[in-house]
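Notes follow once the structure below has been shown.
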Amino acid sequence: LTLESELALAADRGEFELFYQPQVRLIDGGLIGAEALIRWRHPVRGYVSPGEFMPVVNTSALSERIANWVMETAGRQARAWELSGNAVRVAINLSPSQLHSGDLAHSVAELLRTTGLTPSLLEIEVTEDILLHDEGRVLDMFKRIQQLGVRILFDDFGTGYASLSYLKKFPLDGLKIDRSFVLDLLADSDDAAIVGSTIGLSKQLGLTVVAEGIENRATADFLVSIGCEEGQGYFFGRPMPADAFEKQFLAAE
Ligand code: G
Ligand code: G
Ligand code: NA
Ligand code: MN
């Protein structure tokens with residue numbers, strides 16, 4: 001069995017799950033949202049991380065199917081949380097092939113219609129490689145998604161080749177500073193300069209900025225001191241199953 005056919009079987013058997021990692025307001029640690037991260041619960045190997053299988057998904061016929069599953073699962077979860085009195089903004093990740101195949105804006109509209117989810121509670125994270133091809137199509141898709149009230153964030157900001165030019169070309173709502181600049185922030189003055197200017201740039205452009213990879217309180221405090229308002233990282237919580245997330249972060253109904 002190839003990995004691709006194993007993955008198709010896994011989809012049929014419902015072996016994919018979404019984990020949720022908290023995103024917080026740095027000033028007081030209050031919960032703002034969650035990033036949905038896919039896992040494959042393999043019957044023998046246990047949880048398999050997306051780095052091991054998403055590259056295969058992305059180059060296979062499964063790509064659109066998985067993307068739709070992620071969006072629907074995250075959307076229904078966000079709506080369930082909303083109905084229980086917890087307005088948790090849920091962010092999903094999209095691979096380039098998932099944006100380029102099918103009509104994502106239409107799928108998003110259908111999801112909002114069928115679930116009744118408040119649009120601002122759904123967010124889409126895109127990486128730079130999404131923006132590399134077919135600029136016109138991506139631009140049109142982004143505009144249609146944003147007209148629905150769903151926000152689009154630039155993920156892994158700073159790791160690509162042309163991050164700044166993309167900020168100019170595409171109507172993004174915010175960016176996530178890649179964890180490679182945050183992990184060593186307190187010890188590395190280059191990282192501090194890069195993160196500081198990215199925060200300044202975001203503010204000037206009116207973009208939301210989220211720092212990723214915050215592993216300790218000192219890093220969170222430093223980020224607050226240089227004007228960063230939102231963050232995510234092991235210090236606040238690891239990616240975890242929905243029920244664990246509810247127990248740890250949400251008020252009961
Ligand atoms: O959760 P983890 O650190 O193992 O994630 C590794 C990578 O997989 C991250 O870059 C993340 O963006 C990506 N990823 C996680 N979940 C999804 C998903 O649902 N869809 C896509 N396309 N990528 C994902
Ligand atoms: O590429 P993307 O930004 O989507 O990757 C998100 C992944 O980053 C998550 O799947 C998670 O496993 C990982 N991650 C989240 N917080 C931290 C952190 O504080 N430290 C490290 N090393 N990795 C993190
Ligand atoms: Na992401
Ligand atoms: Mn990222």
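Remember, it's 1-based here, ligands and their atoms both numbered in the order they're listed.
Between Leu223 and Leu185 there is a side-chain heavy-atom pair separated by less than 4.5 Å. Contact check for Val182 versus Phe222: no side-chain heavy atoms found under the 4.5 Å cut-off. Phe142 has its side chain within reach of Val138: a pair of non-hydrogen atoms, C-beta onward, lies under 4.5 Å apart.
With sequence neighbours left out, the ring pair (Phe, Tyr, Trp, His ring centres under 6.0 Å) criterion links Phe245 to Trp81, Phe249. Under the side-chain hydrogen bond (donor to acceptor under 3.5 Å, both in side chains) criterion, Ser5 pairs with Thr2, not counting sequence neighbours.
Protein residues with a heavy atom under 4.0 Å from ligand 2 are Gln21, Glu35, Leu37, Asn93, Asp155, Asp156, Arg179, Leu183, Glu212, Gly213, Ile214, Glu215, Gly233, Tyr234, Pro239.
Residue Val70 approaches ligand 1 through these ligand atoms, each under 4.0 Å from one of its heavy atoms: 19 (O). With ligand atoms numbered from 1 in the order given, ligand 1 contributes 20 (N), 21 (C), 22 (N) to contacts under 4.0 Å with heavy atoms of Met54.
One finds no salt bridge joining Glu123 and Lys176 here, because no Lys/Arg side-chain nitrogen approaches an Asp/Glu carboxylate oxygen to under 4.0 Å.
Remark: the backbone N or O of His100 is paired with a side-chain donor or acceptor of Arg137 at under 3.5 angstrom.
Nearest heavy atoms, Ala74 versus Tyr20: CA-OH, 3.9 Å. Smallest separation of non-hydrogen atoms from Met141 and Ala105: SD-N, 3.5 Å.
Protein N/O/S atoms closer than 3.0 Å to the Na ion (ligand 3), listed by chain and residue number, are Glu35 OE2, Asn93 OD1, Glu125 OE1, Asp155 OD2.
With Ile124 as reference, Val108 is the one residue of Asp155, Val108, Leu99, Asn93 to meet the side-chain contact (heavy atoms from CB on, under 4.5 Å) rule.
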